[in-house]
Amino acid sequence: MSRIDARLADLGIVLPEPVAPVANYVPFVVSGKQVFISGQVSIGANGLITGKLGAGLTVEQGVEAAHACGVNLIAQLKAACGGDLDKVKRVVKLGGFVNCTPDFVDQPKVVNGASDLMVAVFGDAGRHARAAVGAPSLPLGAAVEVDGVFEIA
C-alpha cells in the first residue's frame, strides 16, 4: 500500500470510482509534470449534494460538499497517476465555486472543506494557492465545484 493510500485509510476515506465527464471534455490532462483536473462537483457517498449556500444550506453543509469535491479530485488524481498517489509532489492550486445567494460571503470557509482535506492527505505538499468564488448556479444544481492543478513526479 502506498504512503498516501495508507493516509487515506487512516482518515477513513475510500476513494470512489472517478466520475465520468457529463459533456465534451476530459476529466484531467497531464502536461509535463502537471495534472489539470476538471471541476469536480459535490457528489458524496449518498449522491449529489445540491442546494444554495445562504438559502437553505449552512456553511457546515457547504464544507461537507467541498470535502466531497476534494475526495473526487483525489480519485481523478489517482487515475492520472496510474494508481500511485505517491507520485504527487504538490497540490499547486484549487479553484472553488460555491452555489450561493448574492449576499453570501463565506465562500472561503466553504472551500476550506477541500483545502483542509488536501493538507490532511498530502501534508505540507497539500498547501496550495486557491480561489473561492460565489456562483449563481452550478452544473446539476451542485452546491460546490472544485478544480485543481497538481505537480507529479
Side-chain angles (χ1 to χ4, degrees), residues 1-2 4-53 56-100 107-122 125-126 128-152:
M1 176 182 290
S2 77
I4 298 299
D5 285 331
R7 182 68 185 136
L8 288 166
D10 289 347
L11 294 169
I13 296 171
V14 176
L15 295 179
E17 287 297 315
V19 177
V22 297
N24 188 19
Y25 63 92
V26 294
F28 59 83
V29 171
V30 178
S31 179
K33 292 186 177 188
Q34 291 192 315
V35 179
F36 296 81
I37 300 180
S38 297
Q40 301 296 301
V41 295
S42 49
I43 299 174
N46 297 320
L48 184 64
I49 303 166
T50 60
K52 189 173 285 287
L53 280 291
L57 287 183
T58 66
V59 170
E60 293 75 20
Q61 289 170 311
V63 169
E64 290 175 20
H67 181 273
C69 294
V71 170
N72 292 326
L73 279 170
I74 295 170
Q76 293 288 1
L77 183 58
K78 186 170 185 172
C81 291
D84 184 5
L85 285 168
D86 284 351
K87 290 182 178 179
V88 176
K89 298 281 242 179
R90 175 161 200 99
V91 180
V92 177
K93 183 171 188 212
L94 297 183
F97 304 88
V98 179
N99 185 352
C100 63
Q107 293 88 351
K109 289 180 184 175
V110 169
V111 179
N112 277 346
S115 292
D116 293 347
L117 174 65
M118 296 302 155
V119 174
V121 172
F122 297 105
H128 52 274
R130 186 182 88 175
V133 298
S137 67
L138 290 174
L140 307 173
V144 180
E145 180 174 354
V146 181
D147 65 2
V149 179
F150 302 82
E151 180 184 351
I152 58 173

When you measure from the side chain of Asn99 to the backbone of Ala142, do you find a donor-acceptor pair of N or O atoms at a distance under 3.5 Å? yes

Enter the distance from Ser42:OG to Phe97:CZ here, rounded to the nearest 0.5 Å. 13.5 Å

Between Arg90 (side chain) and Ile152 (backbone), is there a donor-acceptor pair under 3.5 Å? no

Provide the full list of side chain to side chain donor-acceptor pair (under 3.5 Å) pairs with a residue in residues 137-150, sequence neighbours left out, each pair given once. none

Evaluate the side-chain proximity of Ile49 to Val144: yes if any heavy-atom separation is below 4.5 Å, no if none is. no

When you measure from the side chain of Arg7 to the backbone N and O of Ala120, does any donor-acceptor pair fall under 3.5 Å? yes

Determine whether a donor-acceptor pair (N or O, by modelled atom type, separation under 3.5 Å) exists between the side chain of Gln34 and the backbone of Ser31. no

More than 12 heavy atoms of other residues, nucleotides or ligands under 6.0 Å from CG of Asp10: is that the case? yes

Using only atom types and a distance under 3.5 Å, with no angle test, would you say the side chain of Asn72 pairs donor to acceptor with the backbone of Val41? yes

Find out whether Val88 and Cys81 are in side-chain contact, i.e. whether some heavy atom of one side chain is under 4.5 Å from a heavy atom of the other. yes

Considering only heavy atoms from C-beta outward, does the side chain of Leu117 approach that of Ile74 to under 4.5 Å? yes

Main-chain N/O of Val92 paired with Glu151 side-chain donor or acceptor, under 3.5 Å: no

Hey, does the side chain of Ser38 reach the backbone of Val26 with a donor-acceptor pair shorter than 3.5 angstrom? yes

Quick one: does Arg130's side chain get under 4.5 Å of Leu94's, heavy atoms only? yes

Residue pair Leu77 / Leu85, side-chain heavy-atom distance below 4.5 Å: yes

With Lys89, which residues qualify under salt bridge (Lys or Arg N to Asp or Glu O under 4.0 Å), at least two apart? none

Can you list everything that forms a salt bridge (Lys or Arg N to Asp or Glu O under 4.0 Å) with Asp5? Sequence neighbours excluded, please. Lys78

Once you round to the nearest 0.5 Å, how far does CZ of Phe36 lie from CD of Gln76? 15.5 Å

Looking at Ala65, is its backbone amide N or carbonyl O close enough to the side chain of His67 to form a donor-acceptor pair, meaning the two atoms are under 3.5 Å apart? no

Side chains of Asn112 and Val63, heavy atoms from C-beta outward: is any pair under 4.5 Å? no

Any heavy-atom pair between the side chains of Phe150 and Ile37 that's under 4.5 Å? yes

So Pro16 and Val71, do their side chains get closer than 4.5 Å, heavy atoms only? yes

